[in-house]
S.K.: 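The structure follows.
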Protein chains: 2
Amino acid sequence: MAKKKLSIKDIAKTLGVSITTVSFILNGKAKEKRISEELTKKVQRYIKEVGYTPSHLAQSLRLGKSKVIVFMVEDISNQFFASIARLIEEKAYLNGYKIIYCSTENETAKAKELINTFKVRNVDGFIITPTPDLEESVKGLLDEGFGLVLFDRWMPDVLCSYVIVENEKSAFEATQHLIDRGCKKVALITVESHQIQMTDRLKGYQNAISQNQLSPYVFQVKFHNMAQGYDRILDFFSNNPGIDGVFFTTNYLAFEGLEAMGNLGIDVPGQVKVVSFDDHYFFNLYKPKITAIEQPLELIAEKLMEAILHQLDEAEMNSGPKQFILSNKLNIRESSTI
Amino acid sequence: MAKKKLSIKDIAKTLGVSITTVSFILNGKAKEKRISEELTKKVQRYIKEVGYTPSHLAQSLRLGKSKVIVFMVEDISNQFFASIARLIEEKAYLNGYKIIYCSTENETAKAKELINTFKVRNVDGFIITPTPDLEESVKGLLDEGFGLVLFDRWMPDVLCSYVIVENEKSAFEATQHLIDRGCKKVALITVESHQIQMTDRLKGYQNAISQNQLSPYVFQVKFHNMAQGYDRILDFFSNNPGIDGVFFTTNYLAFEGLEAMGNLGIDVPGQVKVVSFDDHYFFNLYKPKITAIEQPLELIAEKLMEAILHQLDEAEMNSGPKQFILSNKLNIRESSTI
DNA sequence: TAATTTTGATAAATCGTTTTAGTAAACTTA
DNA sequence: TAAGTTTACTAAAACGATTTATCAAAATTA
C-alpha cells in the first residue's frame, strides 16, 4: 500500500536536472528564468507522465499561505447557514481554497476559542457570523493580517468587510404590508438579543407602527430553544387576544408561533395575518402558505467570496474593506392575503 | 500589524538552548530524553509566558499527517447531511481534527475529482456518501493508506468501514404499518437509483407487499429535481386513482408528493395514508403530522467519528474495518392513523 | 587509575517546496 | 583577444517542526 508520493526532488534526480529548474518550470517561470524550451518540454512531459502534483503542505509552509478559509457560523445545521455553505463551496474550490466550518452556537466563549484555535492553524481567512462581544477577537484577527468578512451581522465599532441584508427596511415593509392588509394590532415576535440584525428588524417594525399611529406589541422570547419558545408564544397569544397581525423575526419563531396559534384555534390568516423573516422551503408548503422575507442567498454567497478573495489576493491586500448591504424580497403568500 | 509568529528557533535562541531540547520538552519527552528538571521547567515557563504554539503546517509536513478529515456528502445544504456535519464537528475538534466539507451532488465525476483534489492536499481521512460507480476511487484511497468511512450507503464489493441504517427492515416496517392500517393498494414512490440505500428500501417494500399477497405499485421518479418531481408525482396519482397508501423513500419526495396530493384534492389520511423515510422537523408541523422513519443522527455521527478516528490512530491502524448498521425508529403520526 | 556507563544536551538530517544569489559556458563587443 | 553580456542552469537557504546520531562531562565500575 501507500506508494510513496513523488517529490520534486525525485523528479529532478530522475531527469538529471536541479530541483530549482523543475520548480521554475512547474511555476510557469521557465521563460522568465531562461530555461531552454527543450528542457522545459522534457520536464513537463515527464511530470505529466508520472502525474506529479506538488505538496500543498510544503507550499503552505514555504509561502505562509494555507489556502484555507474558516466558515464560522452560529449553527451549520441551520438551513440558512447550510445553504450559504453549499453556495460558497464551489467558488472556494475553483479558487483553490478549502473551507473548514465550525459552529459557535452564538456563544462568545466558544467563538473566541474557535478563533484562537484556527489562528494557530495557519488558516488564511475567516467568514464569520459574530456572536455578541466579539469585537476584540475580530480586531485581533485584522491586526494579525488574516482575511476577514462578517456576515448576517456586522459590528459598528470595527472597520472591516461585511455582507449583510437590509434588515430594517425589510422589517418596515413587512409590517407595513400587514397594516396595508387591514391589521390594526400588529405584534412583533422576536428573540431577546442586542445583536444588530435583530435590533434593526425591531427598528423597522417600530418605524412602521409609529408612522401609522398604531401601538406596538413587542414580544421578545428569552432563552430561545424550541420547547420554551413554543410555550412563551402560546402564553403571549393567550394574554393578547386582540392581535390581528404578527411579524416573526426568524423562521424558527414563526414555526413555533404557527403551531401555537394552531393549537389555540386561531385562524391564519382569517383572524391573524402572518409574515416571517427568512423565507423557507416549508413556508411554501404550509397551509396556508406563509408570507416571508427572502434573503438573497446566492448573492450573499457571491459577495462573501468576492470580499474574502479580494482580501486574500496579495495584489489588492491594502485596498479598503468591502461592505455589501443587500436587498431582500417579500414573498407575499396566503398567510397575509386571503 | 502581523507581529511575526514565534518559532521554536526563536525560543531556543532566546533561552540559549538547542532547538532539539525545546522540541523534546514541548512533546513531553523531557524525562525520556533526560532533560534536567530545572531546564524543563525554565523552558516551559517561557513558552507559557510568550504564548508559543507550534506551527501545524510544519508538524504536518514533518509527520505526514495533516489532521484534516474530508466530509464529502451529496449536498451539504440538505438537512440530513447538515445535521450530521454539526454533530461530527465537535468530536473532530476535540480530537484535534478539522473538517473540510464538499458536495458531490451525487455526480460520480464530481466525486472523483474531489477525491483527487483532496488526496493531493494531504488530508488524513475521508467520510464519504459514495456516488454510483465510485468503487475504484474508493479502493484507491484505501490502497494509498487514507482513512475512510462510508455512510448512508456502502459498497458490497469494497471491504471498508461504514455506518449505515437498516434500510430494508425499516422500509418493510413502514409498508407493513400501512397495511396494518387497512391499506390495500400501497404505492412506493422512490427515486430511480441503483444505489444500495434505495434498492434496500425497495426490497423492504416488496417483501412486505408480497408477504401480504398484495400488488406492488412502484413509481420511480427520474431526473430528480424539485419541479419535475412534483409533476411526475402529480401524474402518478392522476393515473392511479385507487391508491390508498403511499410510502415515500425520501422526505423530499414526500414534500412534493404531499403538495401534489393536496392540489388533487386527495385527503390525507382519509383517502390515502402516508409514511416517509427520513424524519424531518416539518413532518411534525405539517397538517396532518406525517408518519416517518427517523434515522438516529447522533448515533450515526458518533459511530462515524469512532470509525474514522480508529483508523487514523496509529496504534490501531491495521485492525479491520468497523461496520455499523444502525436501527431507525418509526414515528407514527396522524398521516397514517386518523 | 583506566575503562565503562550514565547524564544532559546538541548538530544535523529530514519533510517538500520556493527563491535568492551564484556560476560556468557561450556569445558580443571594441 | 581581453572584457563584458547573455544564456542556461544550479547550490543552498529558508519555512518550522521532529528525530536520529553524536558528544563531552560526570559518575560508576573494575
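Protein chains get the first letters and strands the later ones, always in sequence-line order, with residue 1 at the start of each. All of these numbers come straight from a predicted model, not from anything done at the bench.
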S.K.: Is the number of heavy atoms from other residues, nucleotides or ligands within 6.0 Å of NZ (K112(B)) greater than 12?
M.R.: no

S.K.: For K322(A) and S161(A), work out which heavy atoms get closest and say how close.
M.R.: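 Looks like N-OG, 2.8 Å.
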
S.K.: Taking it one step at a time, do E113(B) and K110(B) satisfy salt bridge (Lys or Arg N to Asp or Glu O under 4.0 Å)?
M.R.: CA-CA 5 Å; E113(B) 193 185 313; K110(B) 197 162 176 220; over 6 Å; no

S.K.: Could you check whether the side chain of T20(A) and the base of dA11(D) have a donor-acceptor pair of N or O atoms closer than 3.5 Å, going by distance alone?
M.R.: yes

S.K.: Is there a side-chain polar atom (N or O) of K9(A) under 4.0 Å from OP1 or OP2 of dC15(C)?
M.R.: yes

S.K.: Counting the benzene-type ring for Trp, do F126(A) and F146(A) have ring centres under 6.0 Å apart?
M.R.: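 When the ring centroids of F126(A) and F146(A) are compared, they turn out to be within the sub-6.0 Å range.
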
S.K.: Less than 3.5 Å apart, which donor and acceptor atoms pair up between the side chains of residues 31-45 of chain B and the rest of the protein, not counting sequence neighbours?
M.R.:
residue: S36(B); atom: OG; partner: L39(B); partner atom: N; Å: 3.3
residue: T40(B); atom: OG1; partner: S36(B); partner atom: O; Å: 2.8

S.K.: S137(A): which residues meet the side-chain hydrogen bond (donor to acceptor under 3.5 Å, both in side chains) condition with it, sequence neighbours left out?
M.R.: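 For S137(A), no residue satisfies side-chain hydrogen bond (donor to acceptor under 3.5 Å, both in side chains) once neighbours in sequence are set aside.
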
S.K.: So Y101(B) and Y101(A), would you call those rings parallel, tilted or perpendicular, with 30° and 60° as cut-offs?
M.R.: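 Rings of Y101(B) and Y101(A): tilted, 30 to 60°.
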
S.K.: Hey, is the side chain of T21(B) poking within less than 4.0 Å of OP1 or OP2 on dT10(C), counting only N and O atoms?
M.R.: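 Yes, within the criterion.
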
S.K.: When you measure from every atom of DNA chain C, which of residues 42-63 of chain A have a heavy atom less than 4.0 Å away?
M.R.: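 Hits under 4.0 Å, by residue number: Y52(A), T53(A), P54(A), S55(A), A58(A), Q59(A), R62(A), L63(A).
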
S.K.: Check DNA chain D against residues 25-36 of chain B and give the residues with a non-hydrogen atom under 4.0 Å, in numerical order.
M.R.: N27(B), K29(B), K33(B)

S.K.: If the helix axis at each end comes from five base pairs, how far does the helix from dT1(C)-dA30(D) to dA30(C)-dT1(D) deviate from straight, to 10°?
M.R.: 70°

S.K.: Below the 4.0 Å mark, does dA17(D) have OP1 or OP2 next to a side-chain nitrogen or oxygen of S23(B)?
M.R.: no

S.K.: Going by the rule salt bridge (Lys or Arg N to Asp or Glu O under 4.0 Å), which residues pair with K67(A) if we only count those two or more places apart in sequence or in a different chain?
M.R.: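 Salt bridge (Lys or Arg N to Asp or Glu O under 4.0 Å) check on K67(A) returns nothing, list empty.
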
S.K.: Go through it in stages, so that I can follow the logic: the residues are I127(A) and V70(A), the test is side chain to side chain contact (heavy atoms under 4.5 Å, CB included), and I'd like the CA-CA distance, side-chain angles, deciding distance and then a yes or no.
M.R.: CA-CA 6 Å; I127(A) 296 175; V70(A) 175; over 6 Å; no

